[in-house]
Amino acid sequence: MPAWFRREPAPEADDPTGQIPALSMAKIIEEADGTGTADDASEPDVKSVLDRALADRQALIQLCLYALDRARSGGVVERIEQGLAGIGVTAVRPDGQRFDPSRHEAGGAVATDDPALDGVVAETEVVGFADHDHLLRAPIVTVYTRR
């Protein structure tokens, strides 16, 4: 008997309604969300995706720093700094700390008679940023110098 006369579809035939079986749908959702296991993902594929994600993260951080430098609103600056801090990128304002040429850039000097202030950062002229422990941009600071 031809298949179009049968009331029951042939086991190998696709569902004519276009509905996706629940098990297949669950597997598709797991793979899309990243909660399932991708059996066919190889080590180089995973490394490639990770490298690309890290490069994209760095590019977005640099874009945020660019926007932050040009922002005219204090609220916008604060919001960008909060967003960056949420992913581990923190502002570096070393006011009151001992000047460290490996982590700070001297932009100016202020004379002082107090020997305890000699070599201490008086103020931050341009905020620096660090990604966890990695310095992205050194802060430009004014340093106290003894007369």
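The figures that follow rest on heavy atoms only: side chains count, while hydrogens, waters and symmetry mates do not. Given the structure is predicted, the values throughout are model-derived calculations rather than measurements. Throughout, numbering of the chain's residues begins at 1 and tracks the sequence.
Taking 4.5 Å as the limit, some side-chain heavy atom of Pro94 sits within range of a side-chain heavy atom of Thr124. Arg93 places none of its side-chain heavy atoms less than 4.5 Å from the side chain of Glu123. Between Leu65 and Leu84 the shortest side-chain heavy-atom distance falls below 4.5 Å. Looking only at side-chain heavy atoms (C-beta outward), Arg70 and Tyr66 come within less than 4.5 Å of each other.
Contact record, Phe99 with Glu105: CE1-C, 4.1 Å, taken as the closest heavy-atom pair.
Linking Ile, Leu, Val, Met, Phe, Trp and Tyr residues whenever their side-chain heavy atoms come within less than 4.5 Å places Ile61 and Ile80 in a single cluster. No single ILVMFWY cluster, assembled from side-chain heavy atoms under 4.5 Å apart, contains both Leu135 and Val121. Linking Ile, Leu, Val, Met, Phe, Trp and Tyr residues whenever their side-chain heavy atoms come within less than 4.5 Å places Val77 and Val127 in a single cluster. The cluster map of Ile, Leu, Val, Met, Phe, Trp and Tyr, joined by side-chain heavy atoms under 4.5 Å apart, puts Leu68 and Leu136 in the same cluster.
Applying the ring pair (Phe, Tyr, Trp, His ring centres under 6.0 Å) criterion to Phe129, with sequence neighbours excluded, gives no partner residue.
Salt bridge annotation for Arg98-Asp118: absent, with no cationic side-chain nitrogen under 4.0 angstrom from a carboxylate oxygen.
Of the inter-residue distances, the one linking Ser73 atom OG with Glu78 atom CD reads 9.5 Å to the nearest 0.5 angstrom. With values rounded to the nearest 0.5 angstrom, Cys64 atom SG is found 10.0 Å from Arg79 atom CZ.
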Under 3.5 Å, sequence neighbours excluded: what are the donor-acceptor pairs made by side chains of residues 52-60?
from  : atom 1 : to     : atom 2 : distance (Å)
Arg57 : NH1    : Asp131 : OD2    : 2.7
Arg57 : NH2    : Ile87  : O      : 2.8
Arg57 : NH2    : Asp131 : OD1    : 3.2

Enumerate donor-acceptor pairs with a distance under 3.5 Å from any side-chain N or O in residues 140-147 to protein atoms, sequence neighbours excluded.
from   : atom 1 : to     : atom 2 : distance (Å)
Thr142 : OG1    : Glu125 : OE2    : 2.5
Arg147 : NE     : Asp113 : OD1    : 3.3

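Taking a 6.0 Å sphere around CZ of Arg103, one finds it holds 12 or fewer heavy atoms contributed by other residues, nucleotides or ligands.
Ser102 and Asp100 are linked by a side-chain donor-acceptor pair at a separation below 3.5 angstrom, with hydrogens and angles left out of the test.
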